[in-house]
Structures are given as structure tokens and as C-alpha cells.
Amino acid sequence: MPFIDRDFINDLSNKVDIVGLINKRVALKKAGKDYKACCPFHEEKTPSFTVVPSKQIFHCFGCGESGGVIDFIKKFDHLDFVEAVEVVAGESGISVVYDQTAKPADSRFKRFNNLMMELSDFYQSQLKQSVTKKKAIDYAKKRGISGSIAKRFELGYAPSGWGNLYENYKSNEESLADLVTMGMLVSKKDKKSDYYDRFRNRLMFPIHNSKGNVIAFGGRVLSSKDNPKYLNSPETPLFSKSKELYGLYHCRKYSRRIDYILVVEGYMDVIALHQQGITSTVATLGTATTPAHLQTLSRSTDTIVFCFDGDKAGRAAAWKALQTSLPVITAGLVIKFLILPEGEDPDTLIKHESSKSFTKRIEEAQTLSSFLFDHIKSEVPFETIEGKTLFLEKSASIIHQVSYPIYRQQLIEGVAQTISQDVSHVEKALTQSALSKPPAFDRQVNEINDFTDPTPKEVINESAGSNIKGLMSKMISCVINYPSLVNDPESSGVIEERAKKLPKSDVLMELIHSAQIEQDITKEALIKPYENKNMVFSRLKKLSVMEPFLSENEAKIEFISALTAAENQQQRKSTKAAILSAKTHAEEKKIADDISRRKISSFFNKKS
């Protein structure tokens, strides 16, 4: 994401017409020197929404929403801050001034975006013109997709044949190379200079980013003989399935208010719900929900509702989504779960019940805490003493994953109430669970070897430090690809001080020092000093290829996130050692209380 010049942002509000920009979205009426309308952010019959052009602000006397033009566009169009600034400037005919000190965006991106838009147009035209279009149209009709919805989602058709794209672009070597980079052409194994189309004989679903740019495609087979049933673009510089959500752009564009976002499992679920007027819907792209997905969703809504089929696989996916959600929950974020009747999915259910009935299901979805307790109850003989003991143990290990202290305390009290025990007993169980393995979500980091030649003893104990190694690899990859991350005069000293406290951080520290000494150093020059250390150099070369690709700002966030996670893991190890050294329950309790106080203190420091 680009950095916009701070002075430009400060001056922008004085250069635009707030009345004109808001009037495009809400019909304003003159009222003396000001303008009025019914508020777009809450239901009302008497206008209480006022725009004051002399001060370039808006205010609603009904719900209290207020701010400047950027605030309005951000909330009404469901955009993040940078996107809102770009929209305000663009609609006012003003060119955005970006921070010249920031690393410029990769020049290839504009070319990639233009190419993907061309392909989207091509697939849409084939749905209208191809001689084999009938099977795609018949399939769309069979699934109940209307023409207007097909147009809204820009559905297309990849015709039969292995070389439709190749034939169109074979005279342009740069475009051919870009098509390979975007995953739309695949090199033949026996002839690397020859290619074939990835998508053939499929109904095509363009995948858009939050700005509406086509960044990837999904394709659905039209013949039962073809596999796989659904096929997505691979990871590319534009597309990472662990970060993108199908339909998020359409959710923001076609929903006047986003009171919640429903997360479903497939393209057709999103499209079927849109067709019935339920537009606050997105789908993951062939992957389980990730923390990055949750962070993206939380920027658009305060309520996330996961929707899963009622079969065993659906419930397992729901439980996995719950575990992913626990560390991400923050103040104001509500997460719910909607489990559909067995054998149903949103696409089938919405076809034989009204949108009103389906909306009622969403409104009555289970809260995370309710789903959590019900799920654990179903796994134990809850009516027995042994069952309640298991319930307490399982609950404690799950609550251990929650980082938001206030919600964590509420869950502890909920467990105590469920098993009719004192809160102190639950807190003791939670303290004991800290002695067990780190939670599953912390063990999902990709493992790689350490940056030193391992001794046999280290090989035996390798799994014990795999988290730190994976996090260290993330940080090293970010520094190699963007050395400027550690050159900020305001933060470089703090980063260096934090990083050197981590175990086995020698290589990371050396890279940081090199990047700080020579500010314009290239990635090749950064890793060159390790050429004589074959194993280390080989690993650094692998990490110099960033997969998935991250922008400089994303890499900065990734680096800080990995650094914080590594510090937290070290803290957990220290806590475990302290608890093991405690000789009495009173000492254990004192250690647990100290940990809770530190977390709560840290939380309020962050808020302030």
C-alpha cells in the first residue's frame, strides 16, 4: 500500500467540495447555510444529518457520526484510509501526492493490472460470442444465475482449447512472460518455451481486490469428466489466497450499511445470496480463514459471521475458524457462527426459503463463546464429574489462546458458570495449561532449519525451536527484500534492541547492521558476505525470494508482527520456567497474577 504525503492529506479537505462529494451518495437539501438529509448510517424518518460546508464537516444529531469528507467516504464506501483519500482526490480531479521518500511501487504492477482486466474482458466476451458458449450459459441458468448478477460479478467463459490466450499474445514476449507470472499460462514440462492455458472449458469468476481491480480468476468445470471442480489462480505478485476474499469489493459496493459480514465457503454461495439481496457476503478462496482475512474484515465491520454446512466437515471447519479467531479478537469485534442444516449450503438453502428467513438465521447466529462451550460439551460426557473435568481442561487450553485480556476474563467467568465452579479454580487450570504445548495457531509457522550447521543434538531437538526459526526466517526475508525497514531513524534503534534479545539472532542482527550502514544496499549485496558459508548462503538466497510477494508496507507489518510473536514465545518460555520453579500453589498463583497484570497493563498502554 503506498504512503501518501502527510501535507497533501492535511490540505486535501480544503481543496474539495464536501457537499458535492456527499451529494453523489446522499441526496442533500439546502437548510440555510448548511445542508440536511436522512442519515445514511442509521434508520430515521426525520433528517438529522447535517453538512456544514463552511467548516468542511458533517454531523448526525441522531447517531453521533461526524467528521470530514475523508471520514465520510471511508465509512460510506467501506474503504480504508488510503483508499478513501484516493477516492476523494480522484472524484475532485486532484492528483494524489505520494511520499517521495518511500520506496516506489513496482512498475510491473500497473502492467499486471491492465493485463488482468484485458483477460476479464476477453472471458466476458467469450460468454457472449464463443461458438461453445451454450454449455456455460446453460450451466449458469441451471444454477439460477440471472443476467444482472452475472454482469455484476463480471462472469465469463474460458473456451475449450489449450492455446486461446497463447494465440492472442504470442507476438508479444513481455505479455507472454506476464501471463506466466500471473499463472494464466503454464510452461509445458517437455518444452519450456511453449505454453498452454491454465483455464479451459470453465465458467470464469474474476477475483477482485478491494479497489475493484481483477487480480486473479477462479474457474468452475462444465463437464463432470473434468477435474478439479474449482480451480483458482496460483499465488502471484498480485494475488495471495490467504489475504484476499471473494466478493469483498462487491460487499462494499452494493451494501448501503454493513452491519455484519457473512463468510461462506464458495463463489456460488456469494452469488446466490447477492441475488436474494444479502450482499454483505464474502468467501475464502480454497483456504481456511486466516488472521489476515480477519484483519481485513474487521476494517469493514464489527461483526463477522462464519457460515458452514452442518455436516462433520463443516463443523470441523467452523472449529478451525474459531481457533484462528481467538488470538485476533480485539475490543469491539464480535464473531458468530451460523451452522446450516445438514446437507444444505447457502446456495441451496436460499433457493427454497425466503431471504427474510435466511437473514433471521444470520441474526440468530451463535456467539463465539456459545459455540465454543457447546462444541467442547459435545466432546465430553458433561453430566459426569469426569466430563466436567475434561470440559475445564479443554476450555482452559483454548482460552489460553485469547490475547485480549477483557474477553479472556469473560470466557474464564463463563466456564466457571457453566461448570458451577469458582473463577479461581478455572484460573488455576489456565495457569497449568501454560505448561503444555503452545496452541495450534502458534505452530502453523513454516519450519526451516537454523542459520548454523546443526549438531546431532540440535537436529534431535529441532522441533522445540521451530516456531522461533520460522519467525526468524520471516524477519530475515523482510529485511533482505526491504533493507529500508530497519533504516527509519525513529524506530531502527528500538528494532535492533528488541531483535538482539532473541535467541540465535546473529544473522538477523548482521543483516540489520549492514542495511543501516549502507542505506541503498541491494539484496544481492546484503547476502554476499555469506557466500563462503554454503548452508547459510543457500538459505538466505531462498529467503530473498518473497513468496507470497509483499509490498514494502506489508513487509514492515509482517516484520513487526513476527518480531512481536517471537518475543511473546520467549515470554511464554520464561513463564513456563518460572511456573516450574514454583514450589507452592501460592507461588504459582503469584506468578499467574503477575502475568495477568502485565498483559492488562500492556493492553491499556496500547489503547492510550
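Bear in mind that the values here come from a model prediction, so they are computed numbers and not experimental data.
Remark: K501 does not engage E567 in a salt bridge, criterion side-chain N to carboxylate O under 4.0 Å. With salt bridges taken as basic N to acidic carboxylate O contacts below 4.0 Å, none links D77 and R252. Residues E91 and R25 are paired through a salt bridge, judged by an N-O separation under 4.0 Å between the basic side chain and the carboxylate.
Side chains of H293 and T290: a donor on one and an acceptor on the other come within 3.5 Å. H208 and E244 share no side-chain donor-acceptor pair at under 3.5 Å. N232 and K241 share no side-chain donor-acceptor pair at under 3.5 Å. Looking only at atom types and distance, the side chain of T279 has a donor-acceptor partner in the side chain of S255 under 3.5 Å away.
Between F153 and H274, the two ring planes are perpendicular [angle over 60°; tilted spans 30° to 60°]. Classified by interplanar angle (parallel below 30°, tilted 30° to 60°, perpendicular above 60°), the ring pair F112/F109 is tilted. Using bins of under 30°, 30° to 60° and over 60° for the plane-to-plane angle, the ring pair Y404/Y407 lands in the parallel bin.
Here K15 pairs with nothing under the salt bridge (charged side-chain N to carboxylate O under 4.0 Å, His left out) rule; sequence neighbours left out. The side chain to side chain contact (heavy atoms under 4.5 Å, CB included) check on N10 picks up R6, D7, with sequence neighbours excluded. Residues satisfying the side chain to side chain contact (heavy atoms under 4.5 Å, CB included) test with S240, not counting sequence neighbours, are E235, S242, K243, P548.
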Given salt bridge (Lys or Arg N to Asp or Glu O under 4.0 Å), test K74 with E83 step by step and report yes or no. CA-CA 8 Å; K74 182 180 174 183; E83 292 168 339; over 6 Å; no
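Checked against the 6.0 Å centroid criterion, the rings of F337 and F371 qualify as a close aromatic pair.
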